[in-house]
> 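Following this message is one structure expressed as structure tokens.
Below, chain A is the first sequence line, B the second, and so on; all start at residue 1. Being a predicted model, the structure only gives us computed values, none of them experimental.
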Amino acid sequence: MTLPDGSRREFPHPVTGAELAAAIGPGLAKAAIAVRVDGKPRDLATVVDRDAAVAVITRDTPEGLEILRHDAAHVMAEAVKELYPGTQVTFGPATETGFYYDFARDEAFTPADLERIEARMREIVLRDEKITREVWKRDAAIAFFRDIGESYKAEYIGEIPEGEEISLYRQGGFVDLCTGPHLPSTGCLGQAFKLMNVAGAYWRGDSRNAQLQRIYGTAWANQKQLDQYLFQLEEAERRDHRRLGRELDLFHMGEEAVGSVFWHPKGWTLFRIIENYIRMRLDAAGYREVKGPLLLDRSLWEASGHWDNFRENMFLAESRDERMLALKPMNCPGHVLIFRNRLRSYRELPLRLAEFGSCHRNEPSGALHGIMRVRGFTQDDAHIFCTEDQVTSESVAICQLLVSVYRDFGFDDVEVKFADRPPQRVGTDAVWDRAEHDLKAAVELTGLPYTYNPGEGAFYGPKLEFNLRDALGRQWQCGTLQLDFNMPWRLGATYVGEDGERHTPVMLHRAILGSIERFIAILIEHYAGRFPLWLAPVQLAVATITSEAAAYAEEVARECTAAGLRCILDTSPEKIGYKVREHSIAKVPLMWVVGRREATNRSVALRRLGGNEQEVLALGEAVARLKGEAAIPCSA
RNA sequence: GCUGCCGUAGCUCAGUGGUAGAGCACUCCCUUGGUAAGGGAGAGGUCGUAGGUUCGAUACCCACCGGCAGCACCA
């Protein structure tokens, strides 16, 4: 046997994975839950009877954890079958944080049922049932599952490709179709799991199929990891932008405009700061800002292809002369119309048209989520009209712009994905070949690492997706760069080339933040509402200790406002402790406390959010320092 | 859109088949206090909306609207 460290062990006879682990050491034997033989995960009971590369999988590795979670799903299924006979089992895989199992049962599982199921699962773990693997013939397996009333399983076995082994796992009275591997016994699962919730899920992920009941659980190698995960969930709840949006008085949502945002003064301040920052970056990068109409004629959407692809999601309106209009769901057709409004020369290319585009999409009600997923939103959109020769340099510039903007907002961890042609698309394969080739060449030039996301491109072209990782380690797709050889042609955009002939330009669609509404939600959760100074809607609170300092405090606040700082003045007759608490809860980053002493020396006592030290500064110095700290970053 | 759960004051929540309560927030008064809640008083609700059952519904039933979780969707 060759071990992962390259060392070799000789055995005169075939050994099981468990025996191999024991031979290496008792500690490993205890932690072992499976083995990998020539790269393939196998049960510990697997007999290795030839030379092979063998690795022992322990419960605290990602691979081991996945096996553990998969077992948790089986144990849950066993518990459900015991408690609710007649329930059918379907699929039950491991997930990133745990597992789920989809069940078919007429009655709904209640929260009380979940408690019963979880309690039964713990019993099954204590029973420490042996888990054994059996290989069955296809027909026998189908007949077996049909006989025990598991029609979903029987249906699925029929679709397993010829030549693939059909393995069943048995634990106690429960038998499930599964490729494995699994733990040696249910006792190895341990008790670090918890059932989370029930929800509907479609059989095989298709909304035309029957809806099943999916029970989600989380499972970990030990109790400490489980506690840590549950704490993370609580932290995510504390940071939830819907809660902080209300607590910080940034925005609200209401029944009067479902799926749209009512921005309050502080939230809109944040919005404008972001918009202005992007504007500054775009000006520097050679973009021209435009503004297109919100309502556009149906014929345009038919020509662009959106009507066929997204009609269901467009808001429609009718003008008094009975023309059908659609509230724009995106900005590209408008930009093409601006482009082709007059004859264009190759000398104008690349032409970079940017817009803070107000878009409306009639999203399904179940998709709405705070200001992350809304029906009315603002894209920081742009379309670059260029020649095919310019695609690479423009794409590289876009990638660099995106990454530097993300850095300014505090996101240093960016992952790029390359999404190629989707099943439903416009344009010929030859055009797609070229587009995919050019876009790939560009991303490779930037040196940014990227992974593939097959079949997820836009219907008119391949795209790069930019994913940001936030403070809780979650990924958010924000930026996108789409290469489009189709839309300009469909909408009749042309330019006059050097040769005096008409040519169709290539179009690059790109957004940096995506939806500004959604990006603000991400920022709120990333920073837990404690924004860096340049983004904070209120940067400074000037608070008095006594009304004797009120006149001086007014002067201080006036000076800050005049210096372009966002400052509030608090001369209310409360004690300073109360004011500190109020502004701390409002997450105002800085406080200047002024009392009799400060009024006399013309100074301020600086207090930072979350800190408890104070620093006394002369007024002029304090203003200068604050201006410096509040400067808008620019990595470019 | 689908499945399940939920909807009582601005917020967080209690409560009952006989038309409602707490804390915080809010308003007013007193307090001028040196770094996360000083004291007092007051105001505030067609119990999501509309039907039904009932002598009587906020409570029970149905529908609709909205929210939450997941699924499906996401140009």
Side-chain angles (χ1 to χ4, degrees), chain A residues 100 102 107-111 113 196-216 240 242-243 246-247 249 252-256 258-259 301 304-314 328-333 359 361-370 372-374 379 381 422 424-426 456-461 463 477 480 482 484 487 509 511 514-515 518 543-550 571-586 591-598 605-614 616:
Chain A
Y100 65 79
D102 289 345
E107 275 170 274
F109 289 113
T110 64
D113 290 330
M196 304 302 283
N197 57 339
V198 206
Y202 300 105
W203 167 238
R204 317 197 88 174
D206 190 327
S207 58
R208 289 167 300 193
N209 288 343
Q211 193 156 33
L212 308 167
Q213 295 186 67
R214 175 173 297 178
I215 302 181
Y216 281 92
D240 190 310
R242 292 165 298 187
R243 171 204 281 251
R246 183 180 59 237
E247 288 175 0
D249 195 19
H252 83 268
M253 315 284 290
E255 293 196 25
E256 304 81 356
V258 173
W301 303 111
S304 70
H306 289 97
W307 189 261
D308 285 340
N309 285 284
F310 296 104
R311 182 186 341 181
E312 295 300 306
N313 294 315
M314 284 198 245
K328 70 170 172 179
M330 53 178 341
N331 311 298
C332 24
C359 295
R361 296 178 184 178
N362 199 350
E363 303 282 7
S365 57
L368 301 177
H369 179 84
M372 289 251 188
R373 187 82 181 268
V374 284
Q379 267 185 331
D381 204 1
Q424 201 185 352
R425 57 180 183 261
V426 296
E456 293 294 318
F459 71 84
Y460 45 72
K463 66 181 179 189
Q477 199 217 116
T480 170
Q482 300 160 15
D484 181 0
M487 187 90 66
H509 307 240
S515 147
R518 177 165 171 275
T544 52
I545 289 175
T546 150
S547 54
E548 285 172 53
T571 54
S572 62
E574 296 292 346
K575 297 222 272 198
I576 195 60
Y578 184 89
K579 296 187 188 185
V580 166
R581 179 181 153 79
E582 287 292 285
H583 299 120
S584 297
I585 288 171
M591 264 186 90
W592 286 356
V593 175
V594 297
R596 208 170 295 156
R597 290 203 294 270
E598 288 77 11
L606 168 68
R607 180 188 213 280
R608 288 183 192 275
L609 176 60
N612 42 21
E613 294 125 53
Q614 328 161 30
V616 178

> Are the side chain of A:Glu456 and the backbone of A:Pro422 linked by a donor-acceptor contact shorter than 3.5 Å?
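Checked: no pair found.
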
> Over how many whole Å does the gap from A:Ile545 atom CD1 to B:U35 atom C1' extend?
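It works out to 8 Å between those atoms.
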
> When you measure from the centre of the six-membered ring of A:Phe459, is the NZ or CZ of A:Arg425 closer than 6.0 Å and no more than 45° off the axis?
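The answer is no, since A:Arg425 fails at least one limit relative to A:Phe459.
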
> Suppose we screen for side-chain hydrogen bond (donor to acceptor under 3.5 Å, both in side chains). Which residues come up paired with A:Arg596, at least two apart in sequence or across chains?
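side-chain hydrogen bond (donor to acceptor under 3.5 Å, both in side chains) list for A:Arg596, sorted by chain: A:Glu548.
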
> Verify the contact: side-chain N or O of A:Arg214 to OP1 or OP2 of B:G4, cut-off strictly under 4.0 Å; return yes or no.
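For B:G4, neither OP1 nor OP2 has a side-chain N or O of A:Arg214 closer than 4.0 Å.
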
> Looking at B:A20, which nucleotide sits across from it as a Watson-Crick or G-U wobble partner, both distances under 3.5 angstrom, or is there none?
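In the structure as shown, B:A20 has no Watson-Crick or wobble partner.
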
> Quick one: do the A:Gln482 and A:Thr480 side chains pair a donor with an acceptor below 3.5 Å?
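Distance-only check passes for A:Gln482 and A:Thr480.
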
> So A:His509 and A:Tyr460, would you call those rings parallel, tilted or perpendicular, with 30° and 60° as cut-offs?
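If you compare the ring of A:His509 with that of A:Tyr460, the planes turn out parallel.
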
> What is the distance, rounded to the nearest whole Å, between atom CE of A:Met591 and atom P of B:U35?
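Distance check: A:Met591 CE to B:U35 P gives 12 Å.
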
> Please list, pair by pair, any protein nitrogen or oxygen found under 3.5 Å from a nitrogen or oxygen in nucleotides 72-75 of chain B.
unit_1: B:A72; atom_1: O2'; unit_2: A:Ser207; atom_2: OG; d: 3.4
unit_1: B:C73; atom_1: O2; unit_2: A:Arg373; atom_2: NH2; d: 2.7
unit_1: B:C73; atom_1: N3; unit_2: A:Arg373; atom_2: NH1; d: 3.1
unit_1: B:C74; atom_1: O2; unit_2: A:Arg373; atom_2: NH1; d: 3.2
unit_1: B:A75; atom_1: O2'; unit_2: A:Tyr460; atom_2: OH; d: 3.2

> A:Ser547 or A:Leu212: which one's nearest nucleotide on RNA chain B is closer to the 5' end?
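Nearer the 5' end of the strand: A:Leu212.
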
> Between A:Thr110 (side chain only) and A:Asp113 (backbone N and O only), is there a donor and an acceptor less than 3.5 Å apart?
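Answer holds: yes.
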
> What is the minimum heavy-atom distance between A:Ala543 and A:Lys579, and which atoms define it?
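Smallest heavy-atom distance, with atoms named: CB-CD, 3.9 Å.
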
> State whether a side-chain donor-acceptor pair under 3.5 Å links A:Arg204 with A:Tyr202.
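No pair is found: no donor N or O on one side chain lies under 3.5 Å from an acceptor on the other.
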
> Using atom names, set out every protein N or O paired with an N or O of nucleotides 10-13 of chain B below 3.5 Å, distance rounded to 0.1 Å.
unit_1: B:U12; atom_1: OP1; unit_2: A:Arg246; atom_2: NH2; d: 3.4

> Going by the rule side-chain hydrogen bond (donor to acceptor under 3.5 Å, both in side chains), which residues pair with A:Asn313 if we only count those two or more places apart in sequence or in a different chain?
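In terms of side-chain hydrogen bond (donor to acceptor under 3.5 Å, both in side chains), with neighbours along the sequence ignored, A:Asn313 is linked to no residue.
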
> Please find the pair of heavy atoms, one from A:Cys332 and one from A:His306, that lie closest to each other, and give the distance.
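Distance-wise, the nearest heavy atoms are SG-CE1, 4.4 Å.
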
> Contact class for A:Ala605 vs. all strands (heavy atom < 4.0 Å): base, sugar-phosphate, or nothing?
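Base, at least one base heavy atom under 4.0 Å.
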
> Can you see which heavy atom on A:Cys359 is nearest to which on A:Asn331, and at what distance?
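Minimum heavy-atom separation between A:Cys359 and A:Asn331: SG-OD1, 3.6 Å.
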
> Are the side chain of A:Glu613 and the backbone of A:Arg608 linked by a donor-acceptor contact shorter than 3.5 Å?
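No, because the side chain of A:Glu613 does not come within donor-acceptor range (under 3.5 Å) of the backbone of A:Arg608.
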
> Expressed in angstrom and rounded to an integer, what is the separation of A:Lys579 atom NZ from B:U35 atom P?
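In whole Å, B:U35 P and A:Lys579 NZ are 13 Å from each other.
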
> Would you kindly give the CD-to-C1' distance between A:Glu548 and B:G34, to the nearest whole Å?
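Those two atoms, CD and C1', are 13 Å apart.
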
> For A:Ala549, does its backbone N or O pair with a side-chain atom of A:Thr546 as donor and acceptor, under 3.5 Å?
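Side chain of A:Thr546 to backbone of A:Ala549: no pair is present.
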
> With the side chain of A:Thr546 defined as its heavy atoms from C-beta on, choose the nearest nucleotide among B:G34, B:G33, B:G4.
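So the nucleotide nearest the side chain must be B:G33.
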
> Is the backbone N or O of A:Pro329 less than 3.5 Å from a side-chain atom of A:Arg361, with the two atoms forming a donor-acceptor pair by type?
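Pair found, side chain donor or acceptor close to backbone of A:Pro329.
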
> Applying the Watson-Crick and G-U wobble criteria at under 3.5 Å, what pairs with B:G42? Answer none if nothing qualifies.
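For B:G42, the partner nucleotide comes out as B:C26, under the 3.5 Å rule.
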
> What contact category does A:Glu598 fall into here, base, sugar-phosphate, or nothing, at under 4.0 angstrom with non-hydrogen atoms?
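Result for A:Glu598 = base.
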
> Which letter, B, S or -, goes with each nucleotide of nucleotides 59-68 of chain B from 5' to 3', with contact meaning a protein heavy atom under 4.0 Å?
------SSSS

> Can you tell me the pairing partner of B:A75 across any strand shown, Watson-Crick or G-U wobble, with both distances under 3.5 angstrom?
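Partner of B:A75: none.
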
> Classify A:Val198 by what it touches in the nucleic acid, base, sugar-phosphate, or nothing, heavy-atom distance under 4.0 Å.
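No contact.
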
> Go ahead and name the base partner of B:C5; Watson-Crick or wobble counts if both distances stay under 3.5 Å, otherwise write none.
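The answer is B:G67, by the H-bond criterion.
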
> Go through it in stages, so that I can follow the logic: the residues are A:Ile545 and A:Val594, the test is side chain to side chain contact (heavy atoms under 4.5 Å, CB included), and I'd like the CA-CA distance, side-chain angles, deciding distance and then a yes or no.
CA-CA 6 Å; A:Ile545 289 175; A:Val594 297; over 6 Å; no

> Classify every nucleotide of nucleotides 36-46 of chain B by which part a protein heavy atom approaches to under 4.0 Å, writing B for the base, S for the sugar-phosphate alone and - for neither, in 5'-to-3' order.
BBB--------

> So what does A:Tyr216 touch, heavy atoms closer than 4.0 Å: a base, only the sugar-phosphate, or nothing?
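Sugar-phosphate, no base atom in range.
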
> Which one is paired to B:U53, where only Watson-Crick or G-U wobble pairs with both distances under 3.5 angstrom count?
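Base partner found: none.
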
> Using whole Å, report how far CG of A:Asp113 lies from P of B:G4.
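From A:Asp113 CG to B:G4 P: 14 Å.
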
> For A:Glu247 and B:C24, give me the distance from atom CD to atom C1', rounded to whole Å.
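A:Glu247 atom CD is separated from B:C24 atom C1' by 12 Å.
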
> Tell me what A:Asn309 touches on the nucleic acid: a base, only sugar-phosphate, or nothing, going by heavy atoms under 4.0 Å.
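No contact.
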
> Using the P atoms only, state how far B:U27 lies from B:A63, rounded to an integer number of Å.
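Looking at atom P only, B:A63 and B:U27 are 43 Å apart.
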
